[in-house]
Asks: 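Structure incoming, see below.
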Protein chains: 2
Amino acid sequence: MGHSFFCSDNMKDTEQSIIEAAILIFNEDLSAPLEKVAEQAQVTRRTLHRYFKDRNELMKSCKNEIRKACHIAMQNAYNSTEDPIQRLERMFYAGVECGTKDTFLHKLHTLHDHEHQSHDQECSDYDDTFSIWKTHLKFLQKQGLISPMVTIDWVHQLFQGIVAASVTSRNNAAMQLNDVKKLGWFSFSRGIGL
Amino acid sequence: MGHSFFCSDNMKDTEQSIIEAAILIFNEDLSAPLEKVAEQAQVTRRTLHRYFKDRNELMKSCKNEIRKACHIAMQNAYNSTEDPIQRLERMFYAGVECGTKDTFLHKLHTLHDHEHQSHDQECSDYDDTFSIWKTHLKFLQKQGLISPMVTIDWVHQLFQGIVAASVTSRNNAAMQLNDVKKLGWFSFSRGIGL
DNA sequence: AAAGAATGTCTCAGTAATGGGACATTCTTT
DNA sequence: AAAGAATGTCCCATTACTGAGACATTCTTT
C-alpha cells in the first residue's frame, strides 16, 4: 500500500512508523498539523508527504491499520479458549494491548457529528470488530454469568472506558503492562457484575 | 470577564454559550478551527472574536470555567453528607453531572506532551480539585472499605474512564441522566472493590 | 417608536498549514 | 567503492485559518 506496487522493507517500516505516529497524535488532537505527526515519527514532513498524498489518505491508512489490528487481536483472543469467562478476560486484555489503537477506534465512532450508518463500509467494519464481542456478551448474560442490570451497550462503553484508563495509566504513570491488565480486569469484571 | 468592565446579561449569555460550545468541540478536536466553535454556539465567527481575542484566550476561559464548575461540584458533593461511602457516591455523580467538563479537564492533564508541574498554577488548581477526592480515597482504603489491591492512581483513572463512559452513553445512546448515574456507580463501586 | 446594545455581513490583510518540485545527502546493497 | 534507494533540505505556490475594521441589521429597553 505504499506509493508503488513494489517497495522495500525500509519503506514499509517508514510508512508503518508514520501511521503509528499519526494514531498517537490524532488520538489526542484530530486536527493537529502534519508537522507534529512527522516529528513524532522522527521524519520530515516532506517524507510524510511522499507516503501520503494528504491528510485524508493518512487518516484512511490509520483507520485501516486500527481496524486490522483490533479485529485480529479480538479474533485471536476469542479463539484462544473455550471457556466463556476466560474468553471475556482475554478479549479485555486484547483491548488493552491494542492500546491507543483501540481507544482511537472507539473515539472515531463516538464523535458527536459522526452519524453511525451500517451501510457505510467503515461503520460496518467497526460493527464487525465488536460483533463477536457483543454476541459473546449476550451469551454470558443469558447464562446469568453477568448482572442482568447492565445493558450490552453499557458494557461496551465500560469496556472502552476501562481500556482507556489502562492505556493512560501505562503511558502516564509508567505502569507495567501486566499490572495494568490485572487492575483493569479486576475493575471490569466486577464492574459488569461478574 | 467580557471585553469591558460592564456588560449586559446578553453578553454574559453569549460568552457563556461560546465557552460551552468550545468545551464540546475542543474536547473532541483540540485544534478544531474556531469556525466550528462558533457554529456550535450558533454565533458568527466575528462575534466569537469580539469576546475572545484569540484561541488562547478562549482556551483560558474554557479552563477556568471547567475548573470552577468541577471544583464546586466536587466540594458540594463532599459537604453534602458525612457518610464516607455516600460521599464517594455523590462525588461520582458530581463527575457525571459535570459531563464533558470533567472529561475535558482530565484529558488536558493527560496529553502526552503535558509535563505535570505543581509550580504551574493550572496544575496546582487541577490537583486541588482532586485532592479532596484523593484524600478521601486514602481514608476509605485505610478503613478497609475499598480493596487494598487497587492503587489511588488507578482509582482516579478508573473514575475518569467510567465518567467518560457515562457521558458517552448519555450523548450517544441518548440514555437518561439517572440511568447513566446508576449504571456508572454500580460499575465504579464494584470496580474499586467496594 | 427611538436609542443603544449586540450581532451579522462583507471585506481584507496577515499568518499558518499544505503539497510538491529540484537537488543534496545518507543509507543499503552489491 | 559504486549504484540505487530513501530521506533530508530548501524552496515556492496554493489553500485554509485567523483577527479585525466598517457598516447593516436585529434585538432590548424605555
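In this text the structure is predicted, and so the values were computed from the model without any measurement.
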Asks: Would you say that A:Leu34 contacts A:His49 through its side chain, given a criterion of any heavy-atom pair below 4.5 Å between the two side chains?
Replies: yes
Asks: Provide, to the nearest angstrom, the distance between the CD atom belonging to A:Glu15 and the C1' atom belonging to D:dA5.
Replies: 16 Å
Asks: For B:Lys12 and C:dA5, give me the distance from atom NZ to atom P, rounded to whole Å.
Replies: 16 Å
Asks: Regarding B:Arg45, tell me which of base, sugar-phosphate or nothing describes its non-hydrogen contacts under 4.0 Å with the strands shown.
Replies: base
Asks: A:Lys36 NZ to C:dT18 P: how many Å, rounded?
Replies: 11 Å
Asks: Between atom CG in B:Asp54 and atom C1' in C:dG14, what is the gap in whole Å?
Replies: 14 Å
Asks: Tell me if a side-chain donor or acceptor on B:His136 pairs with a main-chain N or O of B:Pro84 at a distance below 3.5 Å.
Replies: yes
Asks: Whole angstrom is fine here: how far is it from CZ in B:Arg55 over to P in D:dC17?
Replies: 10 Å
Asks: State which of C:dT7, C:dG8, D:dT18 makes the closest approach to the side chain of B:Pro33.
Replies: D:dT18
Asks: Among residues at least two apart in sequence or on other chains, which ones pass side chain to side chain donor-acceptor pair (under 3.5 Å) with A:Arg90?
Replies: A:Ser80
Asks: Would you say B:Leu58 and B:Tyr51 make side-chain contact, with heavy atoms under 4.5 Å?
Replies: no
Asks: Nearest whole angstrom, please: distance from the P of D:dG19 to the CD of B:Glu35.
Replies: 13 Å
Asks: Under 4.0 Å between a side-chain N/O of B:Thr47 and OP1 or OP2 of C:dA6, yes or no?
Replies: no
Asks: Surrounding CD of B:Gln42 (heavy atoms of other residues, nucleotides or ligands, distance under 6.0 Å), is the total greater than 12?
Replies: no
Asks: Just wondering, more than 12 heavy atoms not from B:Lys60 lying within 6.0 Å of its NZ?
Replies: no
Asks: As a test of reading the structure: which of C:dT7, D:dA6, D:dG8 is closest to the side chain of A:Thr44, going by heavy atoms?
Replies: D:dG8
Asks: Can you tell me the distance, in whole Å, between the CD atom of A:Glu57 and the P atom of C:dG20?
Replies: 10 Å
Asks: Rounding to 10°, can you tell me the angle the first-five-pair axis of the helix from C:dA1-D:dT30 to C:dT30-D:dA1 makes with its last-five-pair axis?
Replies: 50°
Asks: Does atom NZ (B:Lys182) have a neighbourhood of more than 12 heavy atoms from anything else shown, all under 6.0 Å?
Replies: no
Asks: Side chains of B:Tyr78 and B:Trp133: does their closest heavy-atom pair fall under 4.5 Å?
Replies: no
Asks: Roughly how many Å is it from CE in B:Met59 to P in D:dT18, rounded to a whole number?
Replies: 12 Å
Asks: Taking DNA chain C as the partner, which of residues 18-32 of chain B come within under 4.0 angstrom of it by heavy atom?
Replies: none
Asks: Summarise how protein sits on nucleotides 21-30 of chain D as a single string, 5' to 3': B when a protein heavy atom is under 4.0 Å from the base, S for sugar-phosphate-only contact, - for no contact.
Replies: BB-----S--
Asks: List the atom pairs, donor and acceptor, that lie under 3.5 Å between side-chain atoms in residues 138-150 of chain A and the rest of the protein, sequence neighbours left out.
Replies:
| from | atom 1 | to | atom 2 | distance (Å) |
| --- | --- | --- | --- | --- |
| A:Gln141 | NE2 | A:Ser147 | O | 3.1 |
| A:Gln141 | NE2 | A:Val150 | O | 2.7 |
| A:Ser147 | OG | A:Met149 | N | 3.1 |

Asks: Can you establish whether the number of heavy atoms outside B:Gln75 located under 6.0 Å from its atom CD is more than 12?
Replies: yes
Asks: Just N and O in the side chain of B:Tyr51: are any of them under 4.0 Å from OP1 or OP2 of C:dA6?
Replies: no
Asks: Begin with the C-alpha distance, continue with both residues' side-chain angles, and end with the deciding distance and a verdict on salt bridge (Lys or Arg N to Asp or Glu O under 4.0 Å) for B:Glu97 and B:Lys181.
Replies: CA-CA 9 Å; B:Glu97 276 155 17; B:Lys181 279 159 68 173; 2.6 Å; yes
Asks: Listed by chain and number, what are the side chain to side chain donor-acceptor pair (under 3.5 Å) partners of B:Ser131, not counting sequence neighbours?
Replies: none
